[in-house]
K.L.:
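I am attaching a structure below and will ask some questions about it afterwards.
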2 protein chains.
Amino acid sequence: MVSVVAVATHAGVSPATVSRVLSGRIVVAPETRARVLEAVKELGYRPNEMARSLRAGRGRGVALVTGDVEQGIYAALAKHVQAELEALGLDLLLFNLGHREDRLRHFLERAPSLGLRGVLLSSPHIMDMAELMPLILTATASGIDVISVSQDLSAYGIASIIHDDVGGARAAAEHLIAQGRTPIAFLGRIATSAIGRARFEGYRDALLAHEQAIDPDLVWDISEGYRADAGYQATSNALAKGLHFRAVLTASDELALGSMAAATDRGHSVPGSVAFVGFGGLGWGVFSRPSITTVSLDVGAVARAVRDRFKGEDEVPSTPERIVVPARLVLRQSA
Amino acid sequence: MVSVVAVATHAGVSPATVSRVLSGRIVVAPETRARVLEAVKELGYRPNEMARSLRAGRGRGVALVTGDVEQGIYAALAKHVQAELEALGLDLLLFNLGHREDRLRHFLERAPSLGLRGVLLSSPHIMDMAELMPLILTATASGIDVISVSQDLSAYGIASIIHDDVGGARAAAEHLIAQGRTPIAFLGRIATSAIGRARFEGYRDALLAHEQAIDPDLVWDISEGYRADAGYQATSNALAKGLHFRAVLTASDELALGSMAAATDRGHSVPGSVAFVGFGGLGWGVFSRPSITTVSLDVGAVARAVRDRFKGEDEVPSTPERIVVPARLVLRQSA
DNA sequence: ATTGTAAATGACAACGATTTCATAGCGGCC
DNA sequence: GGCCGCTATGAAATCGTTGTCATTTACAAT
């Protein structure tokens, strides 16, 4: 491994000078500078990131903690965030909880010793943040910038970048109501997910605003992840019970796909007999048939907000603590 | 930050002893040991990972280099690999190339200085590995275990964990032929992707084995990523040209979905008029309507192979250099 | 001519953990 | 009783980088 010392020797200067040249922040005689750069190139020197991190007290890693990257929206988030971080010379560490809270606890315990620059918490289906707060505070105290993505934790003093889930769901419900597609069912996690609850609130708001009663039988509060099979299951059950509904507002595109399949399998036409709205705006939603009308979440905007948060060199950014990214209803075939 | 020195002082021993107790590999008097553990617990000490890495010469990170995590198969890979690595106390760094080769180069240049334990190259749509070999060799020389995932680079002496793409595609084509669904079109990257080419070979093998001619018009060699829109586009073009085919063997589930949509939109029934086979076996493929018959790739098996590779403490594992994970044809509605 | 000042650079310490080397203490054996 | 050897532990060096402090040299000002 070629180190500063090697470069310094080669260039006939001290290691300190090499460091100065490379940092660029300190004046070095042009001739010396040239000689050092020459040596650097000749030896193919690259500063050791581990030594740098130790010296600086923190590294260049930012962790993304997700519930399940296999879910399209998280994969998209990982992709966009990674791209933004890479542009800042930061690395993305991925921690996938699989919706198991103990792993989040374990990660948070480890976080301070890893020298992370930041932690993006994007595991929205975990409710008792209160219990985890001590760990989070320990992390922030150790210089880690903890940001909640998707879930609003600004009440706890944690910077939050969130989608307008309430507004998005409301817009979707309004659209369905305007088309006369009532009654509308809601499918998602409510009791066990802050995000799911926000979407449910949007649904409820719209219904109440139009003096529609909320039928508990049409509120399908699932407890598993937002995968297609959960949607299929819940919808099949509802149909088996003979419940009547003309539309389903779901909390993810995957749920919508599964839900739609359940209806289709029982001979209901989509959107003629039942309409479906998803959440996320994933790429493949355009190509299912019928394609999925969805509340599109601008993942790129979230990633840019993350970038803004990390672009400075200062320890604790002073940007606003709560950023809301708008959600947009994208009309396609299913509703 | 509480360090070994703090713990040592607290326990009335030297830092060396603390280290010995925690490593567990060296005998320490039971009474001393107890005192150290007590101090560790009392102070909430956690070894600084950056210092450890510097001292050890390498850290605990493993990088996963993907083409596009937003594609289901890579997201699934990331998820499973992360889970396996976490069990080994290793962290996953995610680098998403977005199919841009310069970023791979850039990453490989940086890799040795990051102290990575390993690099999982899973960006199969890059062909001229020969050009990148010097960088890869530099990485391996610096102690990084470079493993090619999906793409067979064992000819270059790089450990490779691959799917049986040829066999999987052949099985799919055989299935279509057995059902009399000919002529069969192939949709995927051939010229610009090692994996795509392998899948094409399986297709070709099956056709030739059954004395079917390969119609160049039915070989749709796309150049973009394996996203649904590319599949839609290619298939629409083919249909617009009035080409006749009874089945499409595609190189990903996303392509299959897009391709299927194109056919559906032009009034063809699936699978009655045209059949479709995808590649990957993603969760949502079960719930599209029609659901997608697919060559399922066992991502979990790949992740386990990765785990086996990293579970030892030794620098260069001596496990076989080429592991082939079987691919399985999963019959669903589309074919 | 002498002193003051700024620029350029080198020596050295420090980040925190681990490992090697050295040593104190103790028990056993002849 | 003296010596050998083993066990348990401490002191110190090391990983590679960077920041602080000190030193040198040159030049300007009086």
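Computed from a predicted model, the values in this text were never measured in an experiment. Throughout, protein chains are lettered first and strands after them, A, B, ... in sequence-line order, and every chain is numbered starting at 1. Worth knowing before you read on, the calculation uses all heavy atoms, side chains too, and leaves out hydrogens, waters and symmetry mates.
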K.L.:
Which pairs count as side chain to side chain donor-acceptor pair (under 3.5 Å) when at least one residue sits in residues 67-87 of chain A, sequence neighbours excluded?
P.N.:
Asp68(A)-Lys79(B), Glu70(A)-Lys79(B), Lys79(A)-Asp68(B), Lys79(A)-Glu70(B), Gln82(A)-Glu86(A), Glu84(A)-Arg307(A), Glu86(A)-Arg103(B)

K.L.:
In plain terms, say whether Arg105(B) and Asp102(B) are close enough for a salt bridge, that is, a side-chain N and a carboxylate O under 4.0 Å apart.
P.N.:
no

K.L.:
Of all residues at least two apart in sequence or in a different chain, which pass the salt bridge (charged side-chain N to carboxylate O under 4.0 Å, His left out) check with Arg110(B)?
P.N.:
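Listed in chain order: Asp91(A).
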
K.L.:
What is the distance, rounded to the nearest whole Å, between atom CZ of Arg25(B) and atom P of dA17(C)?
P.N.:
15 Å

K.L.:
For each nucleotide in nucleotides 9-16 of chain D, reading 5' to 3', give B when a protein heavy atom comes within less than 4.0 Å of its base, S when such contact involves only the sugar-phosphate, and - otherwise.
P.N.:
BBB--BBB

K.L.:
Restricting to pairs with a member in residues 31-48 of chain B, which pass side chain to side chain donor-acceptor pair (under 3.5 Å), not counting sequence neighbours?
P.N.:
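Listed by first then second residue: His10(B)-Glu42(B).
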
K.L.:
Give the angle between the helix axes at the two ends of the helix from dA1(C)-dT30(D) to dC30(C)-dG1(D), taking five base pairs at each end and rounding to 10°.
P.N.:
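Computed angle between terminal axes is 60°.
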
K.L.:
Quick one: list whatever passes side-chain hydrogen bond (donor to acceptor under 3.5 Å, both in side chains) with Arg227(A), sequence neighbours left out.
P.N.:
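Counting only residues at least two positions away or on another chain, Arg227(A) forms a side-chain hydrogen bond (donor to acceptor under 3.5 Å, both in side chains) with Asp229(A).
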
K.L.:
Could you tell me which residues satisfy side-chain hydrogen bond (donor to acceptor under 3.5 Å, both in side chains) with Thr138(B), sequence neighbours excluded, listed by chain and number?
P.N.:
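Partners of Thr138(B) by the side-chain hydrogen bond (donor to acceptor under 3.5 Å, both in side chains) criterion come out as none, since no residue qualifies.
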
K.L.:
Got a sec, which residues hit side chain to side chain contact (heavy atoms under 4.5 Å, CB included) with Thr9(A), two or more places apart in sequence or on another chain?
P.N.:
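If we apply the side chain to side chain contact (heavy atoms under 4.5 Å, CB included) test to Thr9(A), skipping adjacent residues, the hits are Val5(A).
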
K.L.:
Who are the salt bridge (charged side-chain N to carboxylate O under 4.0 Å, His left out) partners of Arg55(B), not counting sequence neighbours?
P.N.:
none

K.L.:
Can you list the residues that meet the side chain to side chain contact (heavy atoms under 4.5 Å, CB included) rule with Ala111(B), with sequence neighbours excluded?
P.N.:
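Checked Ala111(B) against side chain to side chain contact (heavy atoms under 4.5 Å, CB included); matches are Phe107(B), Leu116(B), Ile144(B).
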
K.L.:
Send over the distance from Leu22(B) CG to dT19(C) P, rounded to a whole Å.
P.N.:
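From Leu22(B) CG to dT19(C) P: 12 Å.
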
K.L.:
Between N or O atoms, less than 3.5 Å apart, protein on one side and nucleotides 22-27 of chain C on the other: list the pairs.
P.N.:
none

K.L.:
Of all residues at least two apart in sequence or in a different chain, which pass the side-chain hydrogen bond (donor to acceptor under 3.5 Å, both in side chains) check with Arg304(B)?
P.N.:
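side-chain hydrogen bond (donor to acceptor under 3.5 Å, both in side chains) list for Arg304(B), sorted by chain: empty.
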
